[in-house]
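Step one of this worksheet: look at the structure below.
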Protein chains: 2
Amino acid sequence: MKPTAVTWAVLGLVALAPKSGYDVKRIIDRSVRHFWAASYGQIYPELRRLEEAAWIEGDDAPRGARSRRVYRITPEGRRALQEWLHGHETRVELRDESLLRLFFADTLRHDEALALLRGRREGYRRLHAYLRSLDDGQSTDPPFVDLVYQWGLDYCEWGIEWCDRQESRLRRAA
Amino acid sequence: MKPTAVTWAVLGLVALAPKSGYDVKRIIDRSVRHFWAASYGQIYPELRRLEEAAWIEGDDAPRGARSRRVYRITPEGRRALQEWLHGHETRVELRDESLLRLFFADTLRHDEALALLRGRREGYRRLHAYLRSLDDGQSTDPPFVDLVYQWGLDYCEWGIEWCDRQESRLRRAA
DNA sequence: TAGTGCATGTAATGCGTTACATGATTTC
DNA sequence: GAAATCATGTAACGCATTACATGCACTA
């Protein structure tokens, strides 16, 4: 079993609680999607690979006539997950198209360039609103799941303030 | 010409100043790599596609016997770049493996989980040191190039403080 | 009865990296 | 004379998305 990028997302989610492939996709979309996306085309094949490697085990759990397979983590799977959790130097890397646009804003008129900065602010605002909409106000997540959720909110708030600050600075300078 | 993700990075860099393929790669590695990477396997084919589309034009500019081709943007290329700069809603998306690890930290002992948080802090610190090492203290970049550089520094500083704050909060809670 | 959500999956395509190959020039 | 940098490129591979296909169950 050669683990890939999607391995740990799927294995980790199954470790938190047993899940079907559909569950995995749904939870990815609702909790880690803004920093770690995955599609069905990755998830279902990965579940089979993980089961072959005996890192997870699947049980048929149909609902009525609708077939359904729920996976749970095995002791070996848990060991592998923990090794991954420990064994990596953290490298901060991101892919941010809006930052790329800002980088080229010197090819624009000053007011157009400032509009890009406001657009970035708006992107942060939208993500913030989306993240807040995910919180139903009553479900209690485990502490680190909640921590990462909070990171998303804090990051957006920081980003909004950063854009505001820079915009006024650049206006004063002009 | 169907633009892809790498199109705009290459076209934008050539728009800032004429460049060879090697230059494009070098500058990507030194200025936008932490939020927008690209490899030779993308850059050289993309330069040819851009030239075919007449968005850039290449001039042979050998240095001694070493062949070299320098590209500059055309008016059509500049128009296309500006359209891209204007015509997009900003969507904040990132890929952050360390955040994914943190998300699964509830499967660990509390002290191990806190170690992950310190590891993230360390990742920010390393990127910060790297970014600072890029600044030679005398070259003056255009304002928005500099703004994006500053974003990187500010983001790291914010990230370090965030990790510190959360770590003490979680220690107090325990 | 129509629409939404649950549930599983595959095929085609495109994106991006890694590793390789080649050779000149500059710097120590 | 060795090492680093300049300079151009390709082939193989792996990663990820998009679009498609199928069908059941619930609810307005």
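Atom set for the values below is all heavy atoms of this structure, side chains included, hydrogens, waters and symmetry mates excluded. In this text, all values refer to a predicted model and were calculated from it rather than measured experimentally. Chain naming here is simple, since letters A, B, ... match the order of the sequence lines and numbering starts at 1 in each.
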Exercise. Rounded to the Å, how far apart are L47(A) CG and dT10(C) P?
Worked result: 12 Å

Problem set entry | Test log, rule side-chain contact (heavy atoms from CB on, under 4.5 Å), inputs F103(A) and Y149(B) | CA-CA 9 Å; F103(A) 187 84; Y149(B) 175 71; over 6 Å; no

For this session: Would you kindly give the CZ-to-C1' distance between R33(B) and dG16(C), to the nearest whole Å?
Result: 14 Å

Exercise. Where the side chain of S20(A) is concerned, which of dT8(D), dT8(C), dC15(D) is the nearest nucleotide?
Worked result: dT8(C)

For this session: On DNA chain D, check which nucleotide each of K2(A) and G21(B) is closest to and give me the residue with the more 5' one.
Result: G21(B)

Problem set entry | Phosphate contact (dT8(D) OP1 or OP2) by Y44(B) side-chain N/O below 4.0 Å | yes

Exercise. Looking at dG9(D), dA16(D), dT25(C), which one has an atom nearest to any side-chain atom of A65(B)?
Worked result: dT25(C)

For this session: Kindly say if R48(A) contacts the phosphate of dT10(C), meaning a side-chain N or O under 4.0 Å from OP1 or OP2.
Result: yes

For this session: May I ask you to decide if the ring planes of W8(A) and W84(A) are parallel, tilted or perpendicular, using 30° and 60° as cut-offs?
Result: parallel

Exercise. So W162(B) and W151(A), would you call those rings parallel, tilted or perpendicular, with 30° and 60° as cut-offs?
Worked result: perpendicular

Seminar exercise, completed: Contacts of R26(B) and G41(B) projected onto DNA chain D by closest heavy atom; the upstream (5') one is R26(B)

Problem set entry | Under 4.0 angstrom between R66(B) side-chain N/O and dT5(D) OP1 or OP2 | no

Problem set entry | Separation of atom CZ in R63(A) from atom P in dG23(D), rounded to whole Å | 21 Å

Exercise. Of all the choices, dA7(D), dT17(C), dA16(D), which nucleotide is nearest to the side chain of Q42(B) once you look at every atom?
Worked result: dT17(C)

For this session: Could you check whether S39(B) gets within reach of a base, just the sugar-phosphate, or nothing at all, counting any heavy atom under 4.0 Å?
Result: base

For this session: Give a yes/no on whether any side-chain N or O of Y22(B) is located under 4.0 angstrom from OP1 or OP2 of dT8(D).
Result: no

Exercise. How are the rings of W158(B) and W158(A) set to each other: parallel, tilted or perpendicular (split at 30° and 60°)?
Worked result: parallel

For this session: Verify the contact: side-chain N or O of R68(A) to OP1 or OP2 of dA7(C), cut-off strictly under 4.0 Å; return yes or no.
Result: yes

Seminar exercise, completed: To the nearest angstrom, the CD-P distance between E51(A) and dT8(C) comes to 12 Å

Problem set entry | E46(B) and R49(B) ion-paired at < 4.0 Å | yes

